[in-house]
Structure formats: C-alpha cells, structure tokens
Amino acid sequence: MDEQVYDPQAIQAKWQPRWEELKPFAVVEDDADPRPRRYMLDMFPYPSGDLHMGHAEVFAIGDVVARYWFLKGYNVLHPIGWDSFGLPAENAAIKRNAHPAEWTYGNIDTQAASFQRYAISFDWTRRLHTSDAEYYKWNQWLFTRFFERGLAYRKGGLVNWCPNDQTVLANEQVVAGKCERCGADVIRRELTQWYFKITEYADRLVDDMARLEGGWPDRVLTMQRNWIGRSTGADVEFEIEGRKDPVTVYTTRPDTLYGATFFVVAADAPLAAEIVTEEQRPALEAYRAEVAKLSDIERMSTEKEKTGVFLGVHAINPVNGERIPVWAADYVLADYGHGAIMAVPAHDQRDLDFALKFDLPVKVVVHTGMADPGETGKATPGEGKLVNSGPLDGLSKAEAIEKIVEILAGRGTGKATVNFRLRDWLLSRQRFWGTPIPIIHCGECGEVPVPDKDLPVVLPDLRGEALAPKGVSPLASATDWVNVPCPSCGGPAKRDTDTMDTFVDSSWYFLRYLDPKYDDGPFDVAKAEKWGPIDQYVGGVEHAVLHLLYSRFFTKVLYDMGMITWDEPFLRLLNQGQVINGGKAMSKTLGNGVDLGVQIDNFGVDAVRLTMVFAGPPEDDIDWADVSPAASLKFLARALRVMTDASGAGTDFAAGDLELRKVVHRTIDEVTKLVETHRFNVAVARLMELTSAARKAIDSGPGAADPAVREAAEALAVMLSIVAPYTAEEGWERLGHQPSVARATWPVADPALLVQDSVTAVVQVAGKVRDRLEVSPDISDTDLEALALSSEKVKAHLDGAPRKVIVRAPKLVNIVP
RNA sequence: GGGGUUGUAGCCCAAUUGGCAGAGGCACAUGACUUAGGAUCAUGCCAGCGCGGGUUCGAGUCCCGCCAACCCCA
C-alpha cells in the first residue's frame, strides 16, 4: 500500500508550494481583529553561508512556540530578516575581488530558500536586511538623534585594537584579551573614536532587570549585572606633593583609608606622565611601552607577576597626613574609576602582591582574626573591627564607611559615590561593510550631522583590493565621496569615514519588522504600541551581554524620546543550547561538523526538527552523537500511519471508546501544559504515547472505525504540527480536512474525561510498599486508613497496634509500626 | 580565587514539586512476520538517583559538606 509508505521528500515537495500559496502565517493588520496579539522573535541570522545545525535548533524551538500561539488563536507576528553587515562579507570580497553585497545577498537567498524548506512559520512579507540602504538610513537617523541628545560623542583615548582585522573593538567584543571574531591578541591604541553614552543608562539597565526576573534565565541576568558591575564606594581626594590640584581616587573600601601605604596611578594614564620626576621619566616611558602590549585581562590577572615604576613623588593621606609613595603600575586601569587608586596592601591581594614585590609597608587596619598579611602573603579582605584608624577604631565595616564618608565630606575631600565597570560603547569601525557615520567634519563648524533630508549616506562603490585593511577606513580612499560641502556653512568639509559597529543594526531591528518599508521614521510608532514589546525572544546565550544589553539601551533611549511606551524590549527570553558533536563544538578545524542539508536529505525536515525538539530541554546542548534522526523518522511514519488508518473512523466523538478518549484528553491536557512551560521534549514523548495508544486501539481494541480513533488522530495531527508540520499537514488532509492544519484550533481537554474512576493507593509499612489498593479518587483519609489497616498483606507486617499512621488520600498510606 | 548551572539504567532524558524511582527514545536481547531485514510488530534486560552527613513517618526532590563537568567573572 503505497499511501502507507512514509516518504518525507515527497510530502515536502507536495506541501511546500501549497503553503507558499496559502500563506497561513501572513499577519493581517486589522484593528478590528479581536484576537490578542503576540510577538515572537528569533535572533536574526548572519548570512555566512547556508543554514547550519545551530540554526536548525534555534528556529525549530522558536517555531514550536510560534505555531502553538497561532493554533491557540493569537494574532502572531513572527518575522525574519538578516543581520547582513559585517566583516566576513568584506573578507570574502577582498579574496574574490568582488563587492561584499554579492557574497552577502547570495547567501541570504540560499538561507531564505532553506528556511522555506525548513517550514518555519515566518511572515515573509516583513523580511529585512540591515545592509539595505533603506534599513541603514535609519541607523543614521537614530545616530543623529543620539548625537543631538549628547548620547553619541567622539573622544580620544586608549582603545582595543585588533591587529588582524585592523579595526577597533568594543570592550564587549574583547574576550579574554582576544578579538571575539578572529581570535587575535587585542592591543591598546590611542585613537579618537565615536561612542554611545550607554553609561548614562547604567543605573536603569541594572534596576530594570528586576522586572525581567522570571522571564529571562537567571544566569543571563547575573551576567549582565556582573558586566555592568555597579559598586558603591567613595571618591577620596589625595594631595600630590608638587601638584596644585588634588587627585581623586575611587575605592569600594573607604573604611581602610588609614591602611593606605602607597598610591598607584595607571601607567598609561596622563597623570603618570604629568607628575613623574625628570629622573624617573625614562623608566616610566620604557614601562609604558611594555604595558601597551598587554590586554586588560592580562593586566588585572592575579596570576601575573606585579610590575611598576616609582614616580619619584609622594601623596598625602588626607586622614592622617602620612606621606605615601606614588607608583605607576599596570594593574590599575586608566579608564576605570579615575585611573588611580589608594593601595591598602593588608586588605587587597593585588596591592599586597605589589607591596611585597617592591618592599612597601603593610599596615593592618581591619582585625579579621586572620594572620598578619605581611607575614603570610595573603590579604584579609573580610570584615572585622577597625584598628589603627583613629576615629574609626572599633567600628564595623559598614559603620566605618559611613563615618569616614562623613568626615571626608565635612572637609570637602571626598564623598560617597557609585561606580560602574561598564564603559561607553565604542561604535566606530575602520571597515567598509557597515553603516557610514552620518557626520561631516568642517574646519569651521566642527562635527556637523548630515541633515535628515540627505539621508541615507550611501556607501561608495568599493570592491576587492580597495577594501583591504590598512588601519584607516577604506571609505577614506573614496575621495569623491569624502569631500563634501559643509551642510552648515557650505565650505569644504569631509565626511566621517568610519562605519558603525554592526551591533547598532541589531539593537532595534525588532521595531523595523513592524513595517520594513515604513518611510516616515525608523518604525511605525502606532504599530510599536500595538505589537511591542516582544513576548518571546529565542536565541543563543552568547549574546547575554552584547546584543541584549545594547538592545535594552536602545529601547530605553527610544522610550525617552517618546517613540515607544515600553522600556524593556524582550519580556521573555529563551536561550537554546548548542548543537555539538562527540562532546565538542562542531567546527571546520575539528572536522566534526554535521551538514544540515545532508540530514534533511536523509531523514526529511520533520525528522530533523523533531530530533532537535526531542533531544532534551531546549536550553541544554544537543550532542548529535546522542540523538537519532532515524528514530524520529520512524515515529513520524507511525504517526502518519495512525492518521491514515483513522481516516475512515466515525465523527461522533462522544460515542467513541471511553478508555482511548481518556488517553486523548489527558494527553491534550499534559501537552498543553508542557508546551506552555517549554518542556517540548516531554511534550513529544506524550505524543508518542498517544500514537501508541491509538495504534493499539486500531489493531487490538475497538478498531479503526471507532470515533475515538479519529479524535486521537486529529488531536495528534494538530499537536504534532508545531514540531513536524509536513507530516501533520499530510495526515490532516488524509483525515479529510482542508489545509492548512496551521489554521486549525489547538484541542481543548474535556475536564469530564480527565477524572479517573479509581486510583491505586500505595500502602507502606515503615516506608516499604506492602500492598496496593484500588480506591475511589475522592476517598476520605479515614476510609483509606481503615482499608489499609484491614489488608492482610499489611497485617502480616504489623506486630500489634501501629505507632503512627500517615494518610495522604487517595494515593498513600504509611504505617509506622 | 568568587559566582552560577548540572549530576537518575550502557547512552539521551522523565518523575504530579516531600509520597510506588521510569514516561518517551537510543542501544542490546528474544520472538513473530519474512527470500531477506539495517523494514514492521510484540516482549524483555538494565539504575536505587555523583559521594558523605542531616531534617522527616517518608528525600532524586529540602539543608550542610565534598567531588566532577560546564558556563560566567577574576
């Protein structure tokens, strides 16, 4: 019987074109539509070639949620687009002597075709690409608004520089001292760059995370909190001998001020060069050259041997007037706090390491009960009573902090303050394939934004060798493009030649989806009010601090601009795991990659999707060596056979076999709860049980004609469609329904069919099961106890009257002899 | 070094949130149907829950300590 043979490729070929006609997921924007709205968003892909196993997992998981919502009757927005600016396109263009757009849009077309085949429930009419001028025009428009609000500014300073990619990087893009993208060691360079003032939002970014509790994974919230790194402490002013103005340091431990025995300035801070004596200057210069080669991570590592140079001057401890030597060192960072610290070696390990290395005094001011740090080499950062600290003696840490801040404030030499680890977002890049920064530099007028009417500033047509990295932006070589009249005075001026970090593109794309052709602004404000914020966001945990932090920042700025009424973009976040192979991440170099296309050719789209969903909890990694798409295929064949066999069954469900009906409704009830709580793997297991129950009913129960068999098959088709849409659609048709199953209604369990006639009560004696009793589900504790105590099997284990009987009707009795 | 997550059959994973350790799948074994089986169907096998304590009538579940793996931060 041919129709019984399950041929996934044939079913795909049959349904894919039908769906393209039916467009079951196109959103109808109709204000009269009474259905509640839901916005489902997958992190959009970078077009680096065809889709791979990682994409297959995220999008399969996101699609389960989206399709579930469609079937539950929500008006669902589920869009797709491409994060299509970025370095790989540029590198490919250099290699092939081509334009980055060729590689980019070629890959996008490939991925789009794969998505169609993979049957994700996208509304294709909202497709966008961030490398389209009609998209990046609005990056420029937003940049201009940020500039006007003082949130985009240019400053000189030490920046992270990737010598391989020949561009600067944001702090977030430097991982363990290496370029996040290419792995090269990042070095520090002094450059003038554009920044977004994300630090102005640091407090709100921390505080508002309280509202995300429960909706976001805790670990992501923790990672963002750590990244922002809010700490409370104090600014303290120290006089430096020979310098007019005092120098401010930030400390989280102002209570230990009496224990400060030396003073450290970041070697690369301007202050070091300013105050160093002429004798010591050559030593400092040599030292600075060494330090420049190190990353922040290396500099702050507690493992690293401490280095430093005495600057030849002394500072005055403001509370006790002690003269303490001033050193330059690399373990203090120029851009954290004020680039200088008071060193308290007794109670800070790094300060202690430094003191021991250079033979500086160690003075204990907190009595912690631990051995003298000067002897042991172990600092005592814990709490205790203050000692050797004048007016602070005898106080606890909290009391001492309060008191010292009061004393300092009274003298005008210090104050309580909050400090952040978060730095401003360095957004300019010296590369081509990105959004040009819409600023014109004029000798007379300074930085002049390109007027809105002249946007977009379109990229000049550069290709091949012209894009090769050379330390300045390739845009600088496009002379015709660079030289423009100043919009303000009309005099000769030059365009800014840097492009924006591509994280700008992804910081607001979810708003552009609402109407990607919208021409009166970056997005339609009315639609943002209707659809936003995103109800469910799905993507990888690797974006825990980068993309998710930037998007939150943009959302808050847009809120402040009055363009949206919500100030957190993503209400719920699901981080799916990675697909690995043999315990290791799939990679080209390891040669352990698994080709998605080959898997689909062998097992079909549905089997691959099912494998992804069934492998385990969505947030866990999937080891491809542990799963079996062949087994998934087998199940789908069984399911389709059940749906086929049920096609002749009766339609009067109420007349169906009661036992099977109960299974059906219990399954509906459980699967619904499991999908709601994202336990998709368990939901699939329940569908497998339902399939087996229906199979048994057909073969050795009431038979294929029983209406309960149809009820089971139809519930199966609808519920299975969120994971395996092709198989479900084919089954739905064989059951005599019009396509598409995507427009069906999620089944509802009948409460009357969920109640059980009897349950098994377990009777334990001293915790050991001695008997099982079939009892009514609403038996009383007293009745159940009596029943249990009269059991012969129980009596056999009892010697006289029990000491205690615990009854949990209707499930359990435990008798303590 | 600090913080977090996880640890249940040979393997991937469940367990109504304190109540019979097993739902589903893989692998394996046996049988049925078969020219055949790497198809299909049926049946079966396998752990006492990472280790050690504690609370409790009762602990995979709660508490403490330890070990291991992974992830963040240093």
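All chains are named by letter (A, B, ...) in the order of the sequence lines, taking the proteins before the strands, and each is independently numbered beginning at 1.
Regarding contacts with the backbone of B:G24, every side-chain N or O of A:Asn681 stays at 4.0 angstrom or more from both OP1 and OP2.
Taking atom P on both nucleotides, B:C62 is separated from B:C45 by 31 Å, rounded to a whole Å. Nucleotides B:G65 and B:C46 place their P atoms 38 Å apart, quoted to the nearest Å. The gap from the C1' atom of B:G60 to that of B:G7 amounts to 11 Å, rounded to the nearest Å. Separation of the C1' atoms belonging to B:A15 and B:G31 is 32 Å when rounded to the nearest angstrom. When the C1' atom is used for both B:A9 and B:G53, the distance is 26 Å, rounded to whole Å. Taking atom C1' in both B:U35 and B:U30, the straight-line distance is 22 Å, to the nearest Å. When the C1' atom is compared between B:G4 and B:G10, the two are found 31 Å apart, to the nearest whole Å. Remark: the separation of the P atoms in B:G2 and B:A27 is 44 Å, to the nearest Å.
Residue contacts for A:Asn814: at a heavy-atom cut-off of 4.0 Å it reaches a base atom on one of the strands shown. Across all strands, A:Phe635 comes closer than 4.0 Å to no nucleic acid atom at all (heavy-atom distances).
Here the nucleotide nearest the side chain of A:Ile806, chosen from B:U16, B:G19, B:C73, is B:G19. For A:Val682, counting side-chain heavy atoms from C-beta on, the closest listed nucleotide (B:A23, B:C12, B:G25) is B:A23. Of the listed nucleotides (B:G25, B:C72, B:A23), B:A23 has the atom at the smallest distance from the side chain of A:Ala685.
For A:Arg230, the side-chain hydrogen bond (donor to acceptor under 3.5 Å, both in side chains) partners two or more places apart in sequence, or in a different chain, are A:Asp203, A:Asp207.
When the C1' atom of B:G19 is taken as reference, atom CD1 of A:Ile815 falls 14 Å away, rounded to whole Å.
Both A:Val762 and A:Glu689 sit near RNA chain B, but only A:Val762 has its closest nucleotide nearer the 5' end.
The pair A:Arg225-A:Glu213 meets the salt-bridge criterion, with a side-chain N (NZ, NE, NH1 or NH2) lying under 4.0 Å from an Asp/Glu carboxylate O.
Sorted by first then second residue, the side chain to side chain donor-acceptor pair (under 3.5 Å) pairs that include residues 686-695 of chain A, not counting sequence neighbours, are A:Arg638-A:Ser692, A:Asp645-A:Arg695, A:Glu670-A:Arg686, A:Arg686-A:Glu689, A:Arg695-A:Asp699.
Between the side chain of A:Arg808 and the base of B:G19 there is at least one donor-acceptor pair of N/O atoms closer than 3.5 Å.
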Review item, nucleotides 37-46 of chain B N/O atoms under 3.5 Å of protein N/O:
from	atom 1	to	atom 2	distance (Å)
B:C41	OP1	A:Arg638	NH1	2.9

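Counting heavy-atom neighbours within 6.0 Å of A:Lys696 NZ, excluding the residue itself, gives a total of 12 or less.
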